[in-house]
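Below, each value reflects all heavy atoms present in this structure, side chains not excepted, and no hydrogens, waters or symmetry copies. Residue numbers begin at 1 in each chain, while the letters A, B, ... track the order of the sequences.
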Protein chains: 2
Amino acid sequence: MAVTMHDVARRAGVSIKTVSNVVNAYPHIRPETRRRVQEAIDDLGYRLNTTARNLRQGRTGMIGLALPELSLPYFAELADSVMRAAEARGVVVLIEQTGAQRERELQALDSAQRRLTDGLLFSPLALEPEETEKLEVDYPMVLLGERMFGPVDHVTMANVEASRAATLHLIERGCRRIAAIGAHPGETMGSARLRYDGYRKALAEAGVPFDPRLVVEAGLWHRATGAEAMSTLLDSGVPFDGVFGMNDALALGALHVLHARGVSVPHDVAVMGFDDVDDARYSEPLLSTIDPGREQIAQTAVDLLLDRIGGSTVEPRRVVAEFQVVARESSMLGRLVPQGG
Amino acid sequence: MAVTMHDVARRAGVSIKTVSNVVNAYPHIRPETRRRVQEAIDDLGYRLNTTARNLRQGRTGMIGLALPELSLPYFAELADSVMRAAEARGVVVLIEQTGAQRERELQALDSAQRRLTDGLLFSPLALEPEETEKLEVDYPMVLLGERMFGPVDHVTMANVEASRAATLHLIERGCRRIAAIGAHPGETMGSARLRYDGYRKALAEAGVPFDPRLVVEAGLWHRATGAEAMSTLLDSGVPFDGVFGMNDALALGALHVLHARGVSVPHDVAVMGFDDVDDARYSEPLLSTIDPGREQIAQTAVDLLLDRIGGSTVEPRRVVAEFQVVARESSMLGRLVPQGG
DNA sequence: CTGTTAGCGCGTTCAA
DNA sequence: TTGAACGCGCTAACAG
């Protein structure tokens, strides 16, 4: 079998506790003792049994990260940021995919993994607002990326403010008929709704008339759906001179179709995305977008979660990350005359 | 504290063992007993303590997946596939990023997480061939995506054959001066070397002369480095009419620069990638590429690993996934006359 | 500075 | 078909 502390203790001629002390870097050990123990550890190839330690301590040193899909670049990059933040704080991340399905999001709240992690970072996408009560779980949890209620810590991006800024950016560039791609009609608190609200807010503030025909639905926020939405819009014949993709994938898909259909970006149509994923730096033209502060979100979320795991019982906290408008080629020039489809 | 089997047993008026039997779906239990126990479980909100079970059973039900970076789309998609395959088989995946750094890859082989997982799926990128001995670990391991030696199970893509096919595809389209982007000079067994070998093989077989000036280095296989490599190539003035990007990211980066510099794809230059990531379906033009059989790789790798975890001691196995040439727009037309830079 | 003791919560003997 | 006792490997008390 595996070599245990017991074996090491016997070999080093000390007690099991001393071995434990050495392994756990307990400061008050005689150098000579430490050396002997270390030697025994090396000789025997001993490795601490993490599971036993976890059982004993009642903690696992793991946190869960439940997100829609790793193959969505935003979430892959978020996972990356979270893992780095966690590593810097000495904990390990256990990723779970929910496929952005309501059922599976609920499952994640109650899966077997919950007994394996000390807490959960949860990025729900499909959960309905009337289900926020289900978020009142009995373990440490921090919500990511959305505005939902319930007595839970949240770290969110400034969805409304940032999409307002994105839309204003297009307006400042001269756009007057700005399409919004990615709407989820009927939704009352998800990103889609919030970003739509920001879009409406910007239009209203700038006195730019709202035209519902410029709002295009897209359930999943993939490039494919962005491309589809743009095709639909072009086919509809409704004129537009700007596009606000509710995330970069949608915007990049739209960009692709615009190009294919001979619409020049940014000359005929200016385009903005949201998320600032890596890809936005390599599209043709380079995609203007919103940097939602992903690093800050990841670090703050891990910090809040570890604070809860540490036993904090302060009131639920809401942290909104700082965002930035990233102006690249796709919004460099506004167009003055609306363009027909 | 948390409710234990003990509490459930007392409440149901049975012994701990009976509760355990119910929880573990042991067949021979009187329906009445089962009902009483189940009721107690529900009333108390009992949840099995996975850590305790793990300690007792000597297994954790988790497998590690060590890969370079989640923000590289190929690996994000691979992780997705692996997690699905694992879930279907009832195990959980613990992802670790190595940043494609030799040091961190070695660390992954020996990290604390190794005591937390029953085995490891390892996708090394930076490890040197003379270090294959380090892969002789004392826990179940399956290597992914590379050809390395040592007595270890491997699941790999057909790097040489597939890149040969990709190059032949370009040759069939009329290309005679095909640049290869992504080389790692000096490497002897990594993907870069293997794909380069396939490229050389295709040229030789088709009687197309090899010109070393057409081989461009690129350390990291990101879009940015692909873009850089293409700029370098164009600046060099060496004529070419085809590009084989050793992965899609490199090819997409190259595509971007070609477009920006006014070189028409596929009219002036045909382009092939490798990996068939999602993005290849949304570039302008659509990127031709190699589908390396990622699903098959993920499923086979998980199966092999679980087999080892189950105690199999058969000889190390090598599985090579089936690949496919995916011809899209970027290689639709060959060009007949070489083009100057 | 180091040793002894007593569980963490579960599964697995072995009886009954 | 169910119960009682033991121990997986470790750490927290406490003692010395």
Problem set entry | N/O (side chain, B:Thr18) to phosphate O (OP1/OP2, D:dG3) under 4.0 Å | yes
Seminar exercise, completed: Considering only heavy side-chain atoms of A:Ile29, the closest of D:dT2, C:dC10, C:dT2 is C:dT2
Problem set entry | Test item: B:Thr98 and B:Leu125 side chains (from C-beta on) under 4.5 Å apart, heavy atoms | no
Problem set entry | Length of the line joining A:His6:NE2 and C:dG3:P, which is rounded to integer Å | 12 Å
Exercise. Atom CG of B:Leu48 and atom C1' of C:dC8: how far apart are they, to the nearest Å?
Worked result: 14 Å
Exercise. Would you call A:Met157 and A:Ile297 a side-chain contact if the rule is heavy atoms closer than 4.5 Å?
Worked result: yes
Exercise. Base, sugar-phosphate, or nothing for A:Leu55, non-hydrogen atoms under 4.0 angstrom?
Worked result: base
For this session: Just compare C:dG7, C:dC10, C:dG3 and give me whichever is closest to any side-chain atom of B:Arg53.
Result: C:dC10
For this session: May I have the step-by-step check of salt bridge (charged side-chain N to carboxylate O under 4.0 Å, His left out) for B:Glu39 and B:Arg36, ending in yes or no?
Result: CA-CA 5 Å; B:Glu39 203 172 285; B:Arg36 272 223 318 285; over 6 Å; no
Exercise. What nucleic acid atoms does A:Thr33 come within less than 4.0 Å of, heavy atoms only: base, sugar-phosphate, or nothing?
Worked result: sugar-phosphate
Exercise. Can you tell me how far P of D:dC10 sits from CG of B:Leu116, to the nearest Å?
Worked result: 13 Å
Exercise. So, is A:Arg30 close to the C:dC1 phosphate, meaning a side-chain N or O under 4.0 Å from OP1 or OP2?
Worked result: no
Exercise. OP1 or OP2 of D:dA12 sitting under 4.0 Å from any side-chain N/O of A:Gln57?
Worked result: yes
For this session: Provide, to the nearest angstrom, the distance between the CZ atom belonging to B:Arg56 and the C1' atom belonging to D:dA5.
Result: 12 Å
Exercise. Is there side-chain contact between A:Arg89 and A:Asp303, with heavy atoms separated by less than 4.5 Å?
Worked result: yes
Problem set entry | Overall bend - the helix from C:dC1-D:dG16 to C:dA16-D:dT1, comparing terminal axes fitted on five pairs, nearest 10 degrees | 30°
Exercise. For A:Arg115 and C:dC8, what is the distance between atoms CZ and P respectively, to the nearest whole Å?
Worked result: 14 Å
Exercise. Contact class for B:Asn24 (heavy atom, under 4.0 Å): base, sugar-phosphate, or nothing?
Worked result: sugar-phosphate
Exercise. Do B:Val23 and B:Val8 have side chains that get closer than 4.5 Å, going by heavy atoms?
Worked result: no
Exercise. Is it true that atom CD of B:Glu32 has more than 12 heavy atoms of other residues, nucleotides or ligands lying nearer than 6.0 Å?
Worked result: yes
Could you pull out every donor-acceptor pair under 3.5 Å between side chains of residues 134-142 of chain A and any protein atom, sequence neighbours left out?
unit_1	atom_1	unit_2	atom_2	d
A:Lys134	NZ	A:Glu131	OE2	3.4
A:Tyr139	OH	A:Leu109	O	2.6

Problem set entry | Gap between atoms NE2 and C1', on A:His28 and D:dC14 respectively (whole Å) | 17 Å
Problem set entry | Residue-phosphate contact under 4.0 Å: B:Ser20 side-chain N/O, C:dG11 OP1/OP2 | yes
Seminar exercise, completed: Taken to the nearest whole Å, CD1/A:Ile16 to P/C:dT5 is 12 Å
Exercise. Just by distance, with hydrogens left out, do A:Ser20 and A:Asn24 show a side-chain donor and acceptor under 3.5 Å apart?
Worked result: yes
Problem set entry | 5′-ward residue of the pair A:Met5/A:Lys17 relative to DNA chain D | A:Met5
Problem set entry | Per B:Ser15 side chain, nearest of listed nucleotides D:dC10, D:dT2, C:dC10 | D:dT2
Exercise. Between atom OH in B:Tyr46 and atom P in C:dG9, what is the gap in whole Å?
Worked result: 10 Å
